[in-house]
Amino acid sequence: MQGNISAEYEEFLKANRIKVNKYMNRVLWFFILAGPAIALALKLGLFAEVKYITCVIISLVLAVLAAFHLFLCKKFPGKAITFIFALTTLDAIILYMTCHNVGIYICWFVVPLLSLLFCEKYLYFYASGLNYIFLVISTWYNSTYFANVRSDYDTPLAYFIDKVSGFTIELIIMFVSGFIIGKLTLGYFKNLHSQKIIIKEQKKSMNEKMEILDSMAEIYDHVNLIDFVNKTETSLRDPTQTRHDIDLDNQTQTLMNQKINEKILPEQLDSFMQFTNIQTVRSRLTNKKVISAEFVDVDSGWFRAQYITVDSDTNGIPNLVIYTIRNVDEEKRREENLIKISITDEMTRLFNRRSYDEDLKELRKHKLEKDLVMFSIDVNGLKRANDTNGHIAGDELIKAAASCISASVQNKGKAYRTGGDEFMIIIDTQNPEELKTAINQKTKEWKGVYNQNLYLSIGYATVKENTSSTIDELEHQADSAMYQDKELFYKQSGLDRRRR
């Protein structure tokens, strides 16, 4: 909101400065009439010491400067340099007029006040400073003349000091007054503009919220508007839009939730009652847009309950809240299926390498349990099977190994396929040898279509026997034990290790 106000205010200032520069150009063109006006006054005897050539020079110079300023207005319409040129031109013309006995001293006070129109403090300082310098120069330039024609001054210096002292006091008063007026006016004007933008934004925001509410009523299964200020609840799906009172002192559940309670899965009822407690919703939703939770309806499955802030006070405490219920059972099942797919090996239906790495990452964060055991398993003779009967035979061995491992582990631990014919088991057991024996027993009982036998090399490492080992060291120790078992198998079977 603050960013929008600042941006719009800057745009306003830019447009205003373009207008100010245009008006200043008109002032310069208007000042061309100063020459003829002074000439008329000279003819009437009002300026006895002024020459007609001075009037001509004033008009000609102003015409040239006004034309150049017009060029600046087109080239740099909202720039400070354009405005500074106009201010400097006015001061320079007033200096010239004063030095040629056209003393219109009120003009010295007008120019700094004109600088306030540009809404920049440094321009007011510039105009006031330049004004004072030119006033001092013109007073010094005329001091000799006035000291000679006036009997109350003995020397030009006495006249200069007296006049400059008076002008200084007057200009200081003018400067302070102008600064205060400019600051107050600019502050008030900025605040007024900000309020205008805030009202505009609030109106726009409210319209957007109402459009959202209308669309939400079509999307969700249940949509209720809860007004904490007036303590009412209204169903937006109800054509009559009936408002129901809420007793925030004695009531914990709204009408909608009182009906839903009856269908919540029993083990989730306490959590649902806690989440939908209307007495705590405001505090939980303070400075938040949404709070949500998911529960199971015994009839329709998973649903998502949400409290959404529509309007809040300056402290972020919600005044208007939308409460929605939406069935997400299909979405939940799809999500669970995607998670299952992402961590499951397609061929064997065991957990995959990704799941294994994630579990290792979690195990690294905590101290290992004493009965944790890590198994490393590898299929023997896979290359021979592939070379003899093709990859279909090799795949049969891999699936058979997974089946034997899975049947032995069951739900006591997690079995993973981490590579082509490589498997890992992470399990909590006090008797790892028993699991190894169970796997070997199942492999002996297995018979395939393309392979008559299944041989696995199995190694394991326990935390109990390696208390100082990390999970990664335990993995390495299990691999080493598996390779020892493999060497023993090939040695006893007399098969070529390179053609395994």
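Residues: numbered from 1 along the sequence shown. Values below: all heavy atoms of this structure, side chains included; hydrogens, waters and symmetry mates excluded. Being a predicted model, the structure only gives us computed values, none of them experimental.
- Of the candidates I246, D311, L248, F228 forms a side chain to side chain contact (heavy atoms under 4.5 Å, CB included) with just one, namely L248.
- In summary, E358 and R354 do not engage in a salt bridge, as defined by a charged side-chain N under 4.0 Å from a carboxylate O.
- Not one N or O on the side chain of N257 forms a donor-acceptor pair closer than 3.5 Å with the backbone of I260.
- When only modelled atom types and interatomic distance are considered, Y307 and T276 share no side-chain donor-acceptor pair under 3.5 Å.
- Residues D357 and R353 are paired through a salt bridge, judged by an N-O separation under 4.0 Å between the basic side chain and the carboxylate.
- For the pair T89 and M24, the minimum side-chain heavy-atom distance is 4.5 Å or more.
- Side-chain N or O atoms of E294 include none that pairs as donor or acceptor with a backbone N or O of R304 at under 3.5 Å.
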Show every donor-acceptor pair shorter than 3.5 Å between a side-chain atom in residues 60-86 and any protein atom, with sequence neighbours excluded, or say none if there are none.
residue	atom	partner	partner atom	Å
H69	ND1	N25	ND2	3.0
H69	NE2	T82	O	3.1
T82	OG1	F76	O	2.8

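- No side-chain heavy atom of F31 sits under 4.5 Å from any side-chain heavy atom of I58.
- A donor-acceptor contact closer than 3.5 angstrom is absent between the side chains of E475 and S376.
- A 4.5 Å side-chain heavy-atom check between I32 and W29 finds at least one atom pair inside the cut-off.
- Between F303 and F272, the ring planes are perpendicular. Angles over 60° get that label, and only those under 30° would be called parallel.
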